[in-house]
2 protein chains.
Amino acid sequence: MDAMISADATAGEAAYRQIRHDIIFGKLLPGARLKLERLREPYNASVSTLREILNRLASERLVLAEGQRGFEVAPVSQQHFKEVAAMRELLEGHAMRESFARGDVEWESNVLSAHHKLARLEQRMSAGDASATEEWKRYDREFHAALISACGSCELMAAHRQIFDHYLRYQIIAVIYRGDDASREHRQLLDAALARDHQAAANVLGRHIQACVEHTVRNGLLAA
Amino acid sequence: MDAMISADATAGEAAYRQIRHDIIFGKLLPGARLKLERLREPYNASVSTLREILNRLASERLVLAEGQRGFEVAPVSQQHFKEVAAMRELLEGHAMRESFARGDVEWESNVLSAHHKLARLEQRMSAGDASATEEWKRYDREFHAALISACGSCELMAAHRQIFDHYLRYQIIAVIYRGDDASREHRQLLDAALARDHQAAANVLGRHIQACVEHTVRNGLLAA
DNA sequence: TTACGAAAAATATCAGATATTATTGATTAC
DNA sequence: GTAATCAATAATATCTGATATTTTTCGTAA
């Protein structure tokens, strides 16, 4: 009886997660070529396994597979950021409406709990502890995931997860920090959720998302 | 100077397309296990190449990759069909609104032209020529793609393309035929597009999509 | 019938070989 | 000096075959 049946049973799965993480968190820069031989050592995987991984990431649009010229990290642009932001707003807004309409008490308490963890961390960060950015992003993702978790559609949640990670990548790359504002908006989302007010939630979400885009564009943090 | 730079330059790309096509068009049945050795011969690809392909398809959720138990064709269910349908309605509805607002004359004529090809084929099919199902589906896809082609978001169009193919798969599997109704609805979509009436288009699209779902559910064409 | 464990099948992963394609740099022509 | 040409180099796509694990299968014992 194997005590721990972690999801990343396979070895290649670990490398996949790592590479994906490194792209989203900017360790692998946009446009960087991904030579197979070079990746072998740092990710502990053979060329064949790496090719499988890069193919998966290409499907997710996190890497680019150009003909027979190998792979490279997906480039970034203002235009694309706007598209990703709009997509997130569409999916998450719709999912919240559904979720608010169906969520039961169990759901409510999950949202509450996810918000609590996030808020505590935001408190710490607001107080100057900037050490936990990755953890913060994880709780952020989990809070937003909790909000829509009662929407009743795996397909919708999967699509949201994917676009959320693209959005997150832009937040990281453009070094967007708007801690206190974000924190307030999270609080407002929580309140809207408990009040089942999807319209209010959509409004807050719109601000939450568009503020980042505007901040990035205004300060020219992305090429073109 | 190579005269033909077709997109499927690589050999594995051909196998990818073929397998994908075979899943969507029901040649590979839902739930069927995809043993690597068995696929080698029919798709002219080695195990390594096949693994790359199946990994890509797994990202697209057309195949299932369960831990170390290999791959299988993604299963189907009523619940999932409903989710896919709702997703298509959300994405396509939104994309049409954007597209109608931005499309220029070039766009209008593309829509018109795409509709013409589709309508001609529907005429033929309505007259009894059932030989061209795959061609019909292709024109159907191209018409809907044309409608949203001015939406201004590659991200949105990519997501739509993906969900559209899932939806198409259900249409094929459940052997849904509602030719004349569909044809009429396509006509209404064209009219709405030219009149830039996104609200009307959304209504028609809702019927267009939900009619298939209801037909399937009512006749119990899918397990569970 | 259920439980257990050994044999067989399949998978994940690797390494290395070949053919094809891109890239680079030097050479030549204008 | 710039542009075109072509050989040398590097990188990719793809295949074959090998090894270690993991599943599955199936017969035997409880």
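Quick note on labels: first sequence line is chain A, next is B, and so on, each numbered from 1.
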One character per nucleotide, please: for nucleotides 15-22 of chain C, 5' to 3', B when the base has a protein heavy atom closer than 4.0 Å, S when only the sugar-phosphate does, - otherwise.
S-----SS

Testing dA12(C), dA10(C), dC14(C) for proximity to the side chain of Lys35(B), the answer is dA10(C)

Among dC14(C), dA12(C), dA13(D), the one nearest Phe71(B) by side-chain distance
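Minimum distance to the Phe71(B) side chain belongs to dA12(C).
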
Atom pair distance, as rounded to whole Å: [atom1] in [X] and [atom2] in [N]:
X        : N       : atom1 : atom2 : value
Ile53(A) : dA12(C) : CD1   : P     : 13 Å
Glu37(B) : dA12(C) : CD    : P     : 13 Å
Glu41(B) : dC15(D) : CD    : P     : 14 Å
Leu54(B) : dA10(C) : CG    : C1'   : 14 Å
Glu13(B) : dT12(D) : CD    : C1'   : 15 Å
Glu52(B) : dA12(C) : CD    : C1'   : 14 Å
Arg51(A) : dC15(D) : CZ    : P     : 10 Å
Leu36(B) : dG17(D) : CG    : C1'   : 15 Å

Compare all side-chain heavy atoms of Pro30(B) with those of Arg169(B) and state whether any distance is below 4.5 angstrom.
yes

Salt-bridge contact [X]-[Y] (side-chain N to carboxylate O under 4.0 Å):
X         : Y         : value
Glu135(B) : Arg138(B) : no
Lys137(B) : Glu134(B) : no
Glu60(B)  : Arg56(B)  : no

Would you call the rings of Phe164(B) and His144(B) parallel, tilted or perpendicular, where under 30° means parallel and over 60° means perpendicular?
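Ring orientation, 0 to 90° scale: tilted.
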
CD (Glu41(B)) with more than 12 external heavy atoms under 6.0 Å
no

Reckon Asn55(A) touches a base, only the sugar-phosphate, or nothing at all at heavy-atom distances under 4.0 Å?
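Since no nucleic acid heavy atom lies under 4.0 Å of Asn55(A), the category is nothing.
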
Can you run down the salt bridge (Lys or Arg N to Asp or Glu O under 4.0 Å) pairs that involve residues 93-120 of chain B, sequence neighbours left out, and say none if there aren't any?
Glu98(B)-Arg102(B), Glu108(B)-Arg196(B)

Please determine if a side-chain N or O atom of Thr49(B) lies less than 4.0 Å away from the OP1 or OP2 oxygen of dC15(D).
yes

Looking only at side-chain N and O atoms, does Thr10(B) come under 4.0 Å of OP1 or OP2 in dT14(D)?
yes

